[in-house]
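First up is the structure itself, then whatever we jot down about it.
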Amino acid sequence: MSSITTRRFLQTAATLLVGIVLAACGKQEPAPAPKAAAPAAAPAPAAKVYVVGTDAAYAPFESQNEKGEIVGFDIDVVKALAQKAGIEVKFVNTPWEGIFNALNQGDRDLLVSAVTITDERKQSMDFSNPYFDAQQLMAVKSNSKIAKFADLKKLKVGVQNGTTGDEVVTKLQGKDSANIKRFESTPLALKELEAGGVDAVVADNGVVIHYVNNNVGAKFKTISDASFVAEQYGIPVKKGNAELLAKINKALADIKADGTYDKIYASYFGAAPGAPVAAAPAAAASK
Ligand code: ARG
C-alpha cells in the first residue's frame with residue numbers, strides 16, 4: 001500500500017467510525033451518511049416462499065387439526081424462525097417415506113418433522129443445530145409382561161418405517177426378522193398395538209406419551225430402556241444449502257435467546273426445556 005492510499009484508507013475508516021459512534025450515541029444526532037449508503041436499493045424481488053415438508057401424523061410435533069391445518073410444536077418453531085429470519089414459509093404435508101427424497105429433489109426447501117440427526121442422514125442432507133431432545137420409548141398393553149427392550153427380541157413389534165425406532169428394533173431382531181411390522185405412520189403402529197396385532201411399539205418418547213395420554217381407553221403403558229440413546233431433532237435442508245442453513249441457525253439462536261422457544265416449549269410440554277419428556281407420569285403410574 002502506498003502512503004497515500006494508506007492515508008485515505010485511514011481517513012475513510014475514521015469517518016466511518018465517527019458515523020457509527022454518533023449513530024450509536026443518540027437518535028437525534030443524524031450521523032453523516034457514508035457515501036456508500038447513497039445508491040438507491042435495488043427493487044426487492046418477489047419474496048421467495050420456502051416450502052416446508054412435514055409428515056403431519058406425529059402429534060404433538062406435527063398433525064392436522066379438524067380444519068385440516070398443519071399444527072404442532074415443530075410448526076410453531078418454524079413459524080417463529082421464519083419470522084426472525086424475515087422469510088416466508090408454507091407447510092406441505094409430506095409422507096415420511098419419501099420425505100428426504102422430496103428434499104433432495106428440491107420439492108421441499110426444508111423439513112420439520114421431528115427428524116433425528118444421525119450420522120447416516122448427515123451424509124445426504126445438512127441439518128440445523130439441534131432444537132429438541134428425544135429418545136425411543138416402548139408402548140405395550142398395561143397388562144403386558146414385557147419389562148425391557150431385550151424382551152422384544154422374538155416378539156412382534158410395530159414401528160414407523162424408516163425411523164430411528166425402526167433402526168433400534170432392526171438392530172435388536174436382525175434385518176431379516178419377520179416380526180418387525182413397519183407402518184406408514186406411528187399412529188397406525190399404535191392402533192395395531194391396540195388391536196393386538198403387535199406386542200409393542202417403539203417410537204419417539206414425545207409422540208408415544210402424547211398418544212397414551214390422549215387414548216386412555218387403549219390401556220397402554222410406556223417403558224423406557226437404558227439402551228435407548230439420546231437423540232436430537234434438527235431441521236434438514238438440501239445438502240449444500242448453506243445460505244438457508246445459516247438463516248435457520250441464526251434464527252434458532254435468536255428465538256432461544258429471547259424466550260420465544262421456551263414459550264412454545266412450555267405451551268406443548270409444560271416443563272422447561274431440558275426436563276426429560278419421558279418423566280411424564282404415564283410410565284410409572286400405570287404399573
Ligand atoms: N425421530 C424419528 C426419526 O427421525 C421419527 C420421526 C418421524 N417423524 C414424523 N413426523 N413422522 O427417525
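In listed order, ligands and their atoms are each counted from 1.
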### Query
Taking atom types as modelled and ignoring hydrogens, do the side chains of Asp74 and Tyr58 form a donor-acceptor contact shorter than 3.5 angstrom?
no

### Message
I'd like to know if the side chain of Lys181 and the backbone of Val157 have a donor-acceptor N/O pair within less than 3.5 Å.
### Response
no

### Query
In terms of atom number and element, which parts of ligand 1 are under 4.0 angstrom from non-hydrogen atoms of Thr164?
1 (N), 2 (C), 3 (C), 12 (O)

### Query
Closest non-hydrogen protein atom to atom 11 (N) of ligand 1, residue and atom name please, with distance?
Asp55 OD2, 2.7 Å

### Query
Taking only heavy atoms of Thr163, which atoms of ligand 1 are found under 4.0 Å from at least one of them?
5 (C), 12 (O)

### Task
Check each atom of ligand 1 against the heavy atoms of Val115 and keep those under 4.0 Å away; list them by number with element.
4 (O)

### Query
What do you reckon, is CD of Glu167 surrounded by more than 12 foreign heavy atoms closer than 6.0 Å?
yes

### Task
Scan side-chain atoms only and decide if Asn179 and Ser177 contain a donor-acceptor pair under the 3.5 Å cut-off.
no

## Note on the structure
Of all protein heavy atoms, the one nearest atom 8 (N) of ligand 1 is Ser113 O, 2.8 Å

### Query
ligand 1 versus Asp204, non-hydrogen atoms closer than 4.0 Å: side chain, backbone, both, neither?
side chain

### Query
If you measure from each heavy atom of Glu167 to ligand 1, is any distance below 4.0 Å?
no

### Message
Can you confirm whether Ile87 sits close enough to Lys48 that some side-chain heavy atom of one is under 4.5 Å from a side-chain heavy atom of the other?
### Response
no

### Task
Kindly confirm or rule out an N or O of Thr116 lying under 3.5 angstrom from an N or O of ligand 1.
yes

### Message
Heavy-atom count check: over 12 atoms from other residues, nucleotides or ligands less than 6.0 Å from Lys156 NZ?
### Response
no

### Tyr233, any N or O under 3.5 Å of ligand 1 N or O
no

### Query
Below 3.5 angstrom, do we get any N/O pair linking Glu62 and ligand 1?
yes

### Message
Rounded to the nearest 0.5 Å, what separates atom NZ in Lys219 from atom CG in Leu193?
### Response
13.5 Å

### Task
Could you tell me the residue and atom name of the protein heavy atom closest to atom 5 (C) of ligand 1, and the distance to it rounded to 0.1 Å?
Tyr58 OH, 3.3 Å

### Query
Is the shortest N/O to N/O distance between Ala114 and ligand 1 below 3.5 Å?
yes

### Message
Can you tell me which portion of Glu184 lies within the under-4.0 Å heavy-atom range of ligand 1? Options are side chain, backbone, both, or neither.
### Response
neither

### Task
Report yes or no: does Thr94 contribute a side-chain atom to a donor-acceptor pair with the main-chain N or O of Val92 at less than 3.5 Å?
yes

### Task
Could you tell me which atoms of ligand 1, counted from 1 in the order shown, lie closer than 4.0 angstrom to a heavy atom of Gln160?
7 (C), 11 (N)

### Task
To the nearest 0.5 angstrom, please state how far the CG atom of Asp166 sits from the CH2 atom of Trp96.
11.0 Å

